[in-house]
2 protein chains.
Amino acid sequence: MSKTTLSDVARRAGVSTMTVSRVLNGRGGASPETSDRIRQAAEELAYRPNAVARALKSDRSGIIGVVVPDISNPFFPEIIRGAESVAMRHGYNLLLCNVIESADREIDVLRVLETQRVDGVILCSARLPEKPLLQALKQYKAAVVINRSVPSAAAGCINIDYRQGAYEATRHLWDSGRRRIGIVAGPETSHGAAQRLEGVRSFFASVGGRELGIAHCTPDVAGGQTASLQLLEAHPDLDGLVCYNDLNAIGALKSCGRAGRAVPGAVSIIGFDGIPLGELVTPPLSTIYVDKYSIGQLGMRMLLDRLGGKFTQQSILIRPELLARESSRSV
Amino acid sequence: MSKTTLSDVARRAGVSTMTVSRVLNGRGGASPETSDRIRQAAEELAYRPNAVARALKSDRSGIIGVVVPDISNPFFPEIIRGAESVAMRHGYNLLLCNVIESADREIDVLRVLETQRVDGVILCSARLPEKPLLQALKQYKAAVVINRSVPSAAAGCINIDYRQGAYEATRHLWDSGRRRIGIVAGPETSHGAAQRLEGVRSFFASVGGRELGIAHCTPDVAGGQTASLQLLEAHPDLDGLVCYNDLNAIGALKSCGRAGRAVPGAVSIIGFDGIPLGELVTPPLSTIYVDKYSIGQLGMRMLLDRLGGKFTQQSILIRPELLARESSRSV
DNA sequence: GTGAAAGCGCTAACAA
DNA sequence: TTGTTAGCGCTTTCAC
């Protein structure tokens, strides 16, 4: 239990606290020998500056709040790592909050972060309605939201071009000869899901085709399994599945396996996100790859810029990329 | 940017800051009507207590530092979620730190947490040598280490019975008829790795056998792939692999695939940890299952107990369980 | 039932 | 080059 304070160090070095503060913060203002004496005293006493006191004085806590829906979803740890790598370089730390996919908890958590006087907030996939969200964002010195659009005065935004991604995904299946394509569409309430559907439909419009069927589901493996099974039963001639995310696609892979429909022999499957897991299933999953680590980095950079009063980038749209693997090979 | 302070509320309610403090903290000491006036004023001004000031005064930050080697390893998010669920119920928040598998960074991070005056620390899979680790732990009001043993005065410990688990894993392969078993052994510096090796050897001793070879590696898919490839090349007759963790095992799965050795036909593979991913690969991975969420909960409970001066449980040993799936089926 | 004063550890501003 | 003063927002005495 270190309780050494600045004045302990000052006493030991025979100077005032102010001098110690200046020296230890590298703001010069002391003779070399005094400085040495101070540094040595600090070392001997294992002095650690009290960030709490400093935060109170300076109104800067050095802490960034990061809110994610569910840290067990492999999509988010990558974002967190990217954000942390940038934060660390700038002397910031992350206060992490899981909101377990619940809007109520999201409010609670944002209130706690306010209380903790975090310097800024990165909010991933907020489920909050527009009004309370904007209200909450106003309370922070700076904020960045990921997977959601808000006015740039309220927060910086990083969005993924889901529409474009889903367009590419559908075209990819079409180009590999599939014509009877079903959609595993993710949560009905998800904003990203709606954008993906737009992309799908926009592609079909361009070739004068149409999807075979759509099934909504939870954004996990189980959901994908159920939804794809539904589609397979309703449309025995189905030969392609465009999925909301990779977890859904992996569920679809399982369903096809159980239903005796070979992938990619009989059914071609493509996911979305590009989680590491996709490479490890059999067959390896084709996907629309999103660079999550970069998103985390960009988000944190944007946040720190905003904290520093720089508003160069207000909104970034991430262009995902087709990553064709085995599950969508032409046959 | 809320900057409402206690005295803003006091002024508006026409009382002293002290009364406001008492009322808002539910410590009574004010007439019902005064209380109402105060609560209303606080509401109108959207007052949020300043946890920084409170922490300075009370020497309790309400923040628990959590240090993990790598949040992208699916082993840790589960622990974090478990820990957070308990912390949340008790009004604590988590300051999360990734140390990206580096001992140097571990020291830095622990120093930062000290500076931030966290109330306690949960340290997962510490790689630090004994001396500096104990030195660092001393600085906190309370600490819990997971996957490492230290004297109970220094920290509470939660350990997984790696020895027993590895014993079971080896026996499982042996019982399914494998006699030429290689070990994908994880990081050479890891304590858990050493314990697993003990378990493996203890089993072999009991049947008068011996492992075919041992290859150390990083605790991820790539590491498992490399190590297993090494073993496969050095020992073409190898028919079983006991792996440090599931990620390693999945890497081994890939190597076997590439080398044309069927799993479980030619080679039987078993992992460790029981991450969700293991169920989704082909063939589904046998593993020694560890209940990570519980570990997180137990760890946080132990920490909060220690913070409260209760030292009922000093050390917990988690017994993992064999989860036999397809990758180790007898043939 | 209510308030005044002091101080947690640090640093900005102003002396000396 | 060094020290003094004051105050960040809150809560713990202790007094009224």
Side-chain angles (χ1 to χ4, degrees), chain A residues 1-39 41-42 45-63 91 112 114-119 139 141, chain B residues 1-39 41-42 45-63 91 112 114-119 139 141:
Chain A
M1 273 305 312
S2 152
K3 314 175 50 165
T4 315
T5 122
L6 210 51
S7 53
D8 294 332
V9 179
R11 201 170 318 119
R12 182 167 189 122
V15 294
S16 78
T17 60
M18 209 40 238
T19 307
V20 177
S21 171
R22 274 192 287 252
V23 169
L24 294 184
N25 288 313
R27 260 196 280 304
S31 71
E33 46 180 28
T34 315
S35 300
D36 279 353
R37 217 169 57 247
I38 289 172
R39 266 188 280 272
L45 297 172
Y47 170 72
R48 299 282 179 270
N50 184 332
V52 172
R54 186 181 283 169
L56 180 60
K57 178 76 184 158
S58 66
D59 202 30
R60 287 191 51 250
S61 63
I63 297 180
V112 167
E114 243 186 274
T115 294
Q116 291 290 352
R117 294 298 191 271
V118 296
D119 290 334
Q139 308 305 318
K141 290 201 274 276
Chain B
M1 273 307 311
S2 151
K3 314 174 47 162
T4 315
T5 123
L6 209 52
S7 53
D8 294 331
V9 179
R11 201 170 317 117
R12 181 163 190 126
V15 294
S16 77
T17 60
M18 208 38 242
T19 308
V20 177
S21 171
R22 275 193 285 251
V23 169
L24 294 184
N25 288 313
R27 260 197 282 303
S31 70
E33 47 180 26
T34 315
S35 299
D36 279 352
R37 218 168 56 245
I38 289 173
R39 265 188 282 271
L45 298 171
Y47 170 71
R48 300 279 179 273
N50 184 330
V52 172
R54 186 181 283 169
L56 180 59
K57 180 70 186 166
S58 66
D59 201 30
R60 288 192 47 250
S61 63
I63 297 180
V112 167
E114 245 187 273
T115 294
Q116 291 290 352
R117 295 296 192 272
V118 295
D119 290 333
Q139 308 304 317
K141 290 201 273 276

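Chain identifiers are assigned alphabetically (A, B, ...) following the order of the sequence lines, protein sequences preceding nucleic acid strands; residue numbering begins at 1 within each chain.
Side-chain contact between R39(B) and D36(B): present, with at least one pair of heavy atoms (C-beta onward) separated by less than 4.5 Å. Side-chain contact between I63(B) and Q116(B) is absent, with no heavy atoms from C-beta onward closer than 4.5 Å. Looking at V15(A) and R37(A), their side chains come closer than 4.5 Å, going by heavy atoms from C-beta outward. Between N25(B) and R54(B), the closest side-chain pair of non-hydrogen atoms falls below 4.5 Å. Under the 4.5 Å side-chain criterion, counting only non-hydrogen atoms from C-beta, L24(A) is in contact with Y47(A).
The phosphate of dT2(C) (OP1 or OP2) has a side-chain N or O of T34(B) nearer than 4.0 angstrom. Contact annotation: S16(A) does not reach the phosphate of dT4(D) (side-chain N/O to OP1 or OP2, under 4.0 Å). For dT2(C), one of the phosphate oxygens OP1 or OP2 lies less than 4.0 angstrom from a side-chain nitrogen or oxygen of S31(B). OP1 and OP2 of dT11(D) both lie 4.0 Å or more from every side-chain N or O belonging to R22(B). Remark: S58(A) is not in phosphate contact with dT11(C), judged by side-chain N or O atoms under 4.0 Å from OP1 or OP2. A close approach under 4.0 Å does occur between a side-chain nitrogen or oxygen of N25(B) and OP1 or OP2 of dT11(D). Dashed line: the shortest gap from a side-chain N or O of T5(B) to OP1 or OP2 of dC10(D) is under 4.0 Å. Between dG9(C) and R54(A), no contact under 4.0 Å exists linking OP1 or OP2 to a side-chain N or O. Within the structure, every side-chain polar atom (N or O) of S21(B) is placed at least 4.0 Å from both OP1 and OP2 of dC10(D).
Which of dT11(C), dC10(D), dG9(C) sits closest to the side chain of N50(B) comes down to dC10(D).
At whole-Å resolution of the value, CE in M18(A) and P in dG9(C) are 17 Å apart. Taking atom NZ on K57(A) and atom C1' on dT5(D), their separation rounds to 10 Å, with Å as the unit. Rounded to an integer number of Å, the gap from R117(A) CZ to dC10(C) C1' is 18 Å. Distance CZ (R27(A)) to P (dC10(C)): 13 Å, rounded to an integer number of Å. Atoms CG (D59(A)) and P (dC10(D)) sit 12 Å apart, rounded to a whole Å. L24(A) places its CG atom 13 Å from the C1' atom of dT11(C), with the value rounded to the nearest Å. Straight-line distance from the CG atom of D8(B) to the P atom of dG9(D): 9 Å, rounded to whole Å. When the C1' atom of dC10(C) is taken as reference, atom OH of Y47(A) falls 7 Å away, rounded to whole Å.
Within the nucleic acid shown, R60(A) has no heavy atom closer than 4.0 Å to any nucleic acid atom. Contacts of V52(A) with the nucleic acid, taken as non-hydrogen atoms under 4.0 Å apart, are absent.
Taken to the nearest 0.5 Å, the CE atom of M18(B) stands 7.0 Å off from the CZ atom of R27(B).
Comparing L56(A) and S35(B) by the nucleotide of DNA chain C that holds the closest heavy atom to each, the one mapping nearer the 5' end is S35(B).
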